K.L.:
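The structure under discussion is supplied below as structure tokens; questions concerning it will follow.
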Amino acid sequence: MDFDLFMLYLILFGIPAGVFIWFIVSIIYFIKRDKEDKRSCRMRIISLCLSGSFLLALIMFYLFVSWLLTQMIANM
């Protein structure tokens, strides 16, 4: 397998899949957290906010690229 093709697949599919899995795991850890431990609770909230922000940024990026492609085709 060519290295460039492998890197393309990693960027297009691997990074979004990793961020999505991180978001799901953060949600599960947040739900099952110990509410008495304030440090653990704070770390779970920070992890959930970061993973949600990264997932939202990736979704917005893919939507923006899709919009750019449709505009490109519309103006041909």
Side-chain angles (χ1 to χ4, degrees):
M1 182 177 220
D2 193 26
F3 181 73
D4 295 335
L5 188 61
F6 177 73
M7 292 304 292
L8 178 70
Y9 287 152
L10 180 68
I11 291 170
L12 288 180
F13 301 117
I15 294 173
V19 170
F20 183 70
I21 291 170
W22 179 30
F23 181 69
I24 297 298
V25 169
S26 294
I27 288 175
I28 291 170
Y29 282 159
F30 181 74
I31 291 171
K32 292 184 177 185
R33 74 188 187 280
D34 182 20
K35 293 180 175 77
E36 300 296 322
D37 188 10
K38 296 295 182 185
R39 183 176 183 273
S40 174
C41 185
R42 185 180 307 129
M43 293 300 291
R44 301 294 181 211
I45 290 172
I46 290 171
S47 177
L48 183 61
C49 289
L50 281 175
S51 63
S53 298
F54 284 140
L55 185 65
L56 183 65
L58 278 171
I59 290 170
M60 288 173 54
F61 174 73
Y62 279 116
L63 288 175
F64 180 68
V65 169
S66 298
W67 179 76
L68 284 177
L69 289 173
T70 58
Q71 291 300 312
M72 181 184 67
I73 291 171
N75 292 323
M76 286 180 104

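Note that the structure is predicted; figures quoted are calculated from it, not measured. Atom set for the values below is all heavy atoms of this structure, side chains included, hydrogens, waters and symmetry mates excluded.
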K.L.:
Going by the rule side-chain contact (heavy atoms from CB on, under 4.5 Å), which residues pair with Arg42 if we only count those two or more places apart in sequence or in a different chain?
P.N.:
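Only Ile46 meet the side-chain contact (heavy atoms from CB on, under 4.5 Å) criterion with Arg42.
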K.L.:
Kindly compute the distance separating CZ (Arg33) from CD1 (Ile28), expressed to the nearest 0.5 Å.
P.N.:
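Rounded to the nearest 0.5 Å, the CZ-CD1 separation comes out at 14.5 Å.
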K.L.:
Who clusters with Trp67? Use side-chain heavy atoms, under 4.5 angstrom, across I, L, V, M, F, W and Y, and order the result by chain and number.
P.N.:
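In the cluster with Trp67 are Phe64, Leu68.
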K.L.:
If you count every heavy atom of other residues, nucleotides or ligands that lies below 6.0 Å from Gln71 atom CD, does the total exceed 12?
P.N.:
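Yes - once you tally the heavy atoms of other residues, nucleotides and ligands closer than 6.0 Å, there are more than 12.
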K.L.:
Other members of the hydrophobic cluster containing Phe61, with the 4.5 Å side-chain heavy-atom rule, please.
P.N.:
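Phe61 clusters with Val65, Leu69, Met72.
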K.L.:
List the atom pairs, donor and acceptor, that lie under 3.5 Å between side-chain atoms in residues 3-20 and the rest of the protein, sequence neighbours left out.
P.N.:
none

K.L.:
Would you tabulate the side-chain donor-acceptor contacts of residues 51-59 under 3.5 Å, counting partners in other chains and residues two or more places apart, or write 'none'?
P.N.:
residue: Ser51; atom: OG; partner: Ser47; partner atom: O; Å: 3.0
residue: Ser51; atom: OG; partner: Leu48; partner atom: O; Å: 3.1
residue: Ser53; atom: OG; partner: Cys49; partner atom: O; Å: 2.8

K.L.:
Clusters formed by hydrophobic residues whose side-chain heavy atoms approach within less than 4.5 Å: which one holds Val25, and what are its other members?
P.N.:
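Its cluster mates, by chain and number, are Ile21, Tyr29.
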K.L.:
What distance do Met43 atom CE and Lys38 atom NZ have between them, rounded to the nearest 0.5 Å?
P.N.:
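Rounded to the nearest 0.5 Å, the CE-NZ separation comes out at 16.0 Å.
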